[in-house]
Structures are given as structure tokens and as C-alpha cells.
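So the structure is just underneath, and the comments pick up after that.
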Number of protein chains: 2
Amino acid sequence: MLDDIVGYRLRRAQVLVYQDYVRTVGSLDIRPAQFAAMTIIGANPGLSQTTLAATMGIDRSGAVILIDALEEKALAARVPSPVDRRTYAIVLTDKGQATLAQLKQLVMEHDDRVTACLTPEERVQLNALLLRLYQG
Amino acid sequence: MLDDIVGYRLRRAQVLVYQDYVRTVGSLDIRPAQFAAMTIIGANPGLSQTTLAATMGIDRSGAVILIDALEEKALAARVPSPVDRRTYAIVLTDKGQATLAQLKQLVMEHDDRVTACLTPEERVQLNALLLRLYQG
DNA sequence: TATTGTTATACTCTATAACTATA
DNA sequence: TATAGTTATAGAGTATAACAATA
């Protein structure tokens with residue numbers, strides 16, 4: 001019965017994928033959520049913490065902690081906005097951009113390894129099905 | 001880039017599926033891991049905590065906490081083994097079996113709702129792909 | 001009034017390591 | 001010596017609620 005439930009299979013698959021992620025990225029010590037944040041900041045430099053939180057589907061307070069961690073490692077920075085003194089423009093530092101490039105390489109290798117049991121077509125199919133699951 | 005990574009899509013999908021699970025089962029207050037444990041115990045009555053942990057892919061100490069919670073709610077019980085005084089045979093109580101039947105109904109409705117955006121064939125396909133992901 | 005970022009707090013989930021009692 | 005269960009502890013991840021500064 002359990003094996004017919006999408007939620008159960010999702011969780012089991014995610015645990016294994018997460019473990020492989022940690023093994024792969026281990027030495028850099030960047031958590032999956034931190035990698036996601038860096039990728040989003042890299043693609044949308046200058047966004048606010050609230051926008052980042054909304055994009056990632058987490059609470060604003062979570063974005064604060066995420067940026068705190070990245071700032072501590074000098075990977076991201078809070079730049080005061082000239083137009084709205086409540087908000088910061090979040091950007092990657094030079095070190096952050098270099099680290100992100102390195103991370104992307106590692107994560108692609110990780111993703112290939114984790115999906116090695118699928119054909120390229122099946123991998124595309126899985127991605128498409130998962131997207132539809134969380135988009136509608 | 002993020003949208004091409006299976007791990008990222010897995011996590012996003014799982015968050016949404018988890019939220020729907022909580023909404024559906026909410027009043028019964030049985031966590032996903034507790035439901036998984038009850039289902040496994042129901043299908044394998046008398047198994048040990050170590051076997052349960054191995055089946056679920058968690059640590060033995062996690063199984064203790066899981067069974068503690070189920071025992072507190074009178075859904076499961078530890079029966080001393082007559083042959084090996086180190087182990088317990090874990091079983092569902094009558095209340096546990098009744099609750100499990102009720103839960104299975106709710107979880108099936110939840111799973112149908114969460115996969116409503118997929119055709120039956122696609123749902124089968126997704127399940128098969130996820131299984132292969134965590135089995136090989 | 002509403003919004004941004006922040007802090008404090010708490011709760012879930014899980015792992016590690018050390019312990020005990022049995023085998 | 002090895003194994004089953006247990007406990008204490010710690011860490012990641014996340015949410016809620018309240019607050020100050022600013023709009």
C-alpha cells in the first residue's frame with residue numbers, strides 16, 4: 001500500500017538524493033537551500049529578501065537566516081536600496097559568483113549520478129511530472 | 001538552471017504534497033513517518049524495532065521515538081518476545097488497526113488530490129520513476 | 001496602515017554516541 | 001563479542017509572533 005503513495009516515494013527518493021548531494025558538495029559546506037538561494041540571487045541580482053523568500057516558498061524570517069549564513073561566508077552581501085530604506089538589494093560577491101560556478105558544476109555531476117538509472121528521456125519525463133505536481 | 005535539477009524539483013514537490021497531507025490528516029495528528037510505521041507494522045505484525053527502522057531507512061533510535069509516540073496514543077504496543085528477551089514484537093492495537101483503516105482512506109484521497117493534475121498513466125509512470133530513483 | 005527586515009522562540013525530524021541487558 | 005533497545009544530545013530546517021524602521 002505504501003508503495004502506491006506518491007508522497008511516500010517522493011520522500012524516500014528525496015532522502016537518497018539529499019545524501020548524495022551532501023557527499024558531493026560536502027567540502028564546500030553549502031546546504032541545498034543555500035545553493036538554491038545563491039542560484040536565484042545569481043539570476044536575479046539585487047532582489048529583496050522578501051522576493052527571495054516568495055520565490056523559494058519559505059517565510060521571510062527564513063530568508064534572513066539564509067542570507068546571514070551566506071554573508072558570513074562572504075558569498076552574498078546586503079546592499080542598501082537607494083529608493084526604499086526598508087529593503088536591501090541582495091547580490092553575490094565576486095567570491096560568491098566563483099563559488100556558485102563551482103557549485104553548479106558539482107551539482108550537475110551529482111544530478112547526473114543520481115539519475116544514472118534513468119534514460120535521458122526518462123529524466124526529462126520525471127522532471128516534467130514533478131513540475132506539474134508542484135505547479136498545479 | 002535550478003529547474004533542471006531533479007533534487008530541487010523533488011524537494012519542491014515534496015513540500016506541497018506534505019502540506020496537503022497535513023491538511024487532510026490534520027485532525028488525527030498522525031505524522032507521515034508515523035503513518036508509514038503503522039502501515040508497515042500492519043503488514044508485518046510482530047516485527048522488531050530494528051527491522052522497522054531498516055525497512056523505513058532510519059536509525060534504530062528513530063524507531064524508538066516513533067513507537068513511543070504510537071504507544072502513547074494506544075495505537076501500537078510492544079509485546080515481549082518469548083524467544084529473545086532483548087527484542088519486542090511490535091503490533092497494532094485494535095484502536096491502531098481501526099485508525100490505520102481510517103488513515104488509509106484519508107491518505108488515498110490525499111494522494112488522488114495531489115496527483116489530480118496527472119493522468120492515471122502518468123501517475124503510474126511517476127511512481128515507477130521515483131521507485132527506480134531510490135532503488136538503483 | 002502596510003511592509004521590510006529582524007529577533008526570539010519553538011517544534012519536527014533525524015543522526016551520533018554511549019549506555020544496559022541480553023545473546 | 002555482537003545485537004536490541006534506550007537515552008541524551010545536537011543539528012538542520014522551518015514556522016509563528018512580535019518588534020522597529022520606513023513607506
Side-chain angles (χ1 to χ4, degrees), chain A residues 7-8 10-12 14-19 21-23 25-26 28-37 41 46-73 76-91, chain B residues 7-8 10-12 14-19 21-23 25-26 29-37 41 46-72 76-91:
Chain A
Y8 183 72
L10 271 176
R11 193 179 148 275
R12 293 295 297 257
Q14 211 232 320
V15 166
L16 255 85
V17 169
Y18 175 79
Q19 287 170 348
Y21 172 93
V22 170
R23 269 196 304 274
V25 178
L28 288 176
D29 197 31
I30 308 282
R31 306 268 124 202
Q34 294 171 355
F35 170 68
I41 299 167
L47 83 175
S48 70
Q49 293 184 187
T50 297
T51 303
L52 176 66
T55 305
M56 296 185 63
I58 62 174
D59 192 82
R60 279 179 302 146
S61 62
V64 173
I65 294 163
L66 228 34
I67 302 300
D68 280 352
L70 293 179
E71 214 173 27
E72 224 168 80
K73 298 178 187 181
R78 292 171 163 100
V79 179
S81 160
V83 295
D84 186 339
R85 282 188 302 175
R86 291 174 304 180
T87 79
Y88 292 110
I90 309 299
V91 295
Chain B
Y8 183 72
L10 271 177
R11 193 179 148 276
R12 292 296 297 257
Q14 211 232 319
V15 167
L16 255 84
V17 169
Y18 175 78
Q19 287 170 347
Y21 172 93
V22 170
R23 270 195 303 275
V25 178
D29 197 31
I30 308 282
R31 304 269 126 201
Q34 293 171 356
F35 169 69
I41 298 167
L47 84 175
S48 70
Q49 292 182 191
T50 297
T51 303
L52 176 65
T55 306
M56 297 185 63
I58 63 173
D59 191 82
R60 280 179 300 146
S61 62
V64 173
I65 293 163
L66 229 34
I67 302 300
D68 280 352
L70 294 178
E71 214 172 27
E72 225 168 79
R78 290 172 164 100
V79 179
S81 160
V83 295
D84 185 338
R85 282 188 302 176
R86 290 174 306 180
T87 80
Y88 292 110
I90 309 298
V91 295

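Lettering of chains follows the sequences in order, A, B, ..., and the numbering in each one begins at 1.
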Distance-minimising heavy-atom pair for [X] and [Y]:
X: A:Val64; Y: A:Arg78; result: O-NH2, 3.5 Å
X: B:Gln34; Y: B:Asp29; result: OE1-O, 4.0 Å
X: A:Asp59; Y: A:Ala53; result: O-CB, 3.7 Å

Can you confirm whether the side chains of B:Arg31 and B:Tyr18 place a donor and an acceptor under 3.5 Å from each other?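 The answer is yes; a qualifying pair exists.
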Is there a side-chain contact between A:Ile67 and A:Ile41 (heavy atoms, below 4.5 Å)?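 Yes - at least one pair of side-chain heavy atoms lies under 4.5 Å apart.
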Gap between atom OH of A:Tyr88 and atom OG of A:Ser48 - 0.5 Å precision: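 It is 12.5 Å, given to the nearest 0.5 Å.
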Rounded to the nearest 0.5 Å, how far apart are CD1 of A:Ile90 and OG1 of A:Thr51?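 Output value for this atom pair is 10.0 Å.
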Provide the start and end nucleotides, 5' to 3', of the part of DNA chain D that has atoms under 4.0 Å from heavy atoms of chain A.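 In short, chain A contacts DNA chain D from D:dA12 to D:dA23.
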Summarise how protein sits on nucleotides 6-15 of chain C as a single string, 5' to 3': B when a protein heavy atom is under 4.0 Å from the base, S for sugar-phosphate-only contact, - for no contact. BB----SSSS
For B:Arg11 and A:Gln14, run side-chain contact (heavy atoms from CB on, under 4.5 Å): C-alpha distance rounded to whole Å, both residues' side-chain angles, the deciding distance at 0.1 Å, then the answer. CA-CA 7 Å; B:Arg11 193 179 148 276; A:Gln14 211 232 320; 3.7 Å; yes
Let me know, please, whether A:Arg86 or B:Thr50 comes out on the 5' side of the other along DNA chain D by nearest nucleotide.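 The residue mapped nearer the 5' terminus is B:Thr50.
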